[in-house]
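Single-structure report; data block below.
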Amino acid sequence: MANIIISENSKGLVFYLAKKDLEEQITHLEFNSADRWGGVIELGDGSRYVIDVLDAKPRLPISLRARRESETA
Amino acid sequence: MATTKAETQALIDEVLQVYPEKARKVRAKHVAPNDPSLEKSKGCITSNRKSLPGVMTVRGCAYAGSKGVVWGPIKDMIHISHGPVGCGQYSRAGRRNYYTGTTGVDSFGTLNFTSDFQEKDVVFGGDKKLVKLLEEANQLFPLVKGFSVQSECPIGLIGDDIEAVARKSTVDLGKPVIAVRCEGFRGVSQSLGHHIANDALRDHVLGNRDDEEFPTTPYDVAIIGDYNIGGDAWSSRILLEEIGLRVVAQWSGDGTLAEMERTTKVKLNLVHCYRSMNYISRFMEEKYEIPWMEYNFFGPSKTEESLRAIAARFDETIQAKAEEVIARYRAQWQPVIDKYKPRLAGKKVMLYVGGLRPRHVIGAYEDLGMEVIGAGYEFAHNDDYDRTLKDLKEATLLYDDASAYELEEFVKRLKPDLVGSGIKEKYVFHKMGVAFRQMHSWDYSGPYHGFDGFAIFARDMDMAVNSPVWSQLKAPWLADADAPEAAVVNG
């Protein structure tokens, strides 16, 4: 598990993992609607992370906990 | 001079040849020819890794990053170097972060406060000493606005509870006492010290005045990551004020505790040193919804570009004023370029500085017609290299956490006309007969930011590169038979 920040820029959502200085555009977010937001994140560099699914779309940027998809929850 | 990637790579291989195989493999990842077509530095160069034992690294420690860089310039606080005396004393006032105020009365920037650890403090703990120190300092300097306790290595090793002391003293003294866990052994370089310092600012400074009334304007900004070295923040601030913005806080050069606490009320954070203060900017973006942007005030081209980009975040009156300011200052900097460009055009520069300048000053050198043929950072992370690749030409030599040996060899082979690095490197290159400027402290000159700073920058570079001394200097043992006059250099 690692702390990440998800923010928004002109191209869409951005994923930032401070520990690795990884700042990547999010290419796909599993749930991205007003009442369900989160799940599997796909990044521009091909890596995949998972965040908890929230009940509502949060105000961005937001700090969250994420894990790699290969890790078990 | 190397022009293709293969040539640069050959040069790198040759220089790294002397290392044992294991060390060579590690170092090879940190030295690379530039590829400006890459979006990400990953795969091109590795950074922010532990230095190799045995090579002479130029890096500092977490204490240097916290006390020296981030906290030290806050002028109305006393920053206690908690631990043995050397860390504070040998770094005292060396960074030249200028401030206004009366030292020892209401400002404390150039003073060294230390708990001067002795053997008994290591054995029995130094918490009581710290309590006493805080009381005494508060009595002697009643105008101090707060204290930060900057841990040196032994504090973490012996497990002193400085947080408890800080909490208690905050109540007893009625002033903020902030414990910063920046023991030197943490992390691989001063970079982690920046992060720890940012986290301490986030936890103990930001938010202290959130409930307080503070008259705001739509044009409030904060300068983040400008340490006022030689007056840099001042020459930046006047430009921002001239385009109609109100600078509420300077982080942290010439900064005060109160203005930093009020930063949460600004409309935009302007980040100059991304490496040391991006953490706090990202935090304020999330908690206070304050957007942030990076800017660059080195050299007229970049300054103009940055002023326009900053103005674009505000309304048309600011944008119009920005254009006015840009037009007005053109009359000031154009003669500077006219004077110095003919003297400096085509000269080659190699840079090896901290976490920002290797990329930020490239524009300023290019404005003078100079070319950067090698650049590297002591403690940058890969996001800094992401930002650097585009600014340099194809196949430019990049070196991360370069050792003293590597720098020397690269300079011998690439033969730059000017090297820009720190004090530890300065005299090595002077002795080699290469012009040198300290790019950490501006070599006791400055400011270099903004249009005013550019005139000083250009003059300094000209002074260094075109000094007649370099043609006269050759080590006596290198003097050969057909140059007998060189042999008398050392008399």
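All heavy atoms count here, side chains included; hydrogens, waters and symmetry mates do not. Letters A, B, ... are given to chains in the order of the sequence lines, protein chains preceding strands, and every chain is numbered from 1.
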Next item on the list: Under 4.5 Å heavy-atom distance to chain A, tell me which part of B:Asp386 shows up: side chain, backbone, both or neither.
Entry: neither
Margin query: Side chains of B:Tyr377 and B:Arg275: any donor to acceptor distance under 3.5 Å?
Written below: no
Margin query: Can you tell me which portion of A:Ile5 sits under 4.5 Å from chain B's heavy atoms? Options are side chain, backbone, both or neither.
Written below: side chain
Notebook entry, point to check: Mind checking which of residues 30-54 of chain A sit less than 4.5 Å from chain B, heavy atom to heavy atom?
Noted result: A:Asp45
Item checked: Partner of B:Trp251 by side chain to side chain contact (heavy atoms under 4.5 Å, CB included), out of B:Val271, B:Thr263, B:Asn269 -> B:Thr263
Check: Which region of B:Lys42, side chain (C-beta onward) or backbone (N, CA, C, O), has a non-hydrogen atom less than 4.5 Å from a non-hydrogen atom of chain A, or is it both or neither?
Finding: side chain
Margin query: Would you say that more than 12 heavy atoms from the other residues, nucleotides or ligands in this model lie under 6.0 Å from the CZ of B:Arg49, or not?
Written below: no
Notebook entry, point to check: Quick one: are the ring centres of B:His194 and B:Phe379 less than 6.0 Å apart?
Noted result: yes
Checklist line | Distance under 6.0 Å and angle within 45° of ring axis: B:Arg387 vs B:Tyr274 | finding: yes
Margin query: I'd like to verify something: which residue of A:Glu24, A:Glu23, A:Lys20 has the highest number of heavy-atom pairs under 4.5 Å with chain B?
Written below: A:Glu23
Item checked: salt bridge (charged side-chain N to carboxylate O under 4.0 Å, His left out) between B:Glu378 and B:Arg357, worked out -> CA-CA 11 Å; B:Glu378 282 172 34; B:Arg357 286 171 183 156; over 6 Å; no
Item checked: All ring pair (Phe, Tyr, Trp, His ring centres under 6.0 Å) counterparts of B:Tyr63, not counting sequence neighbours -> none
Notebook entry, point to check: Is there a side-chain contact between A:Ile4 and A:Phe15 (heavy atoms, below 4.5 Å)?
Noted result: yes
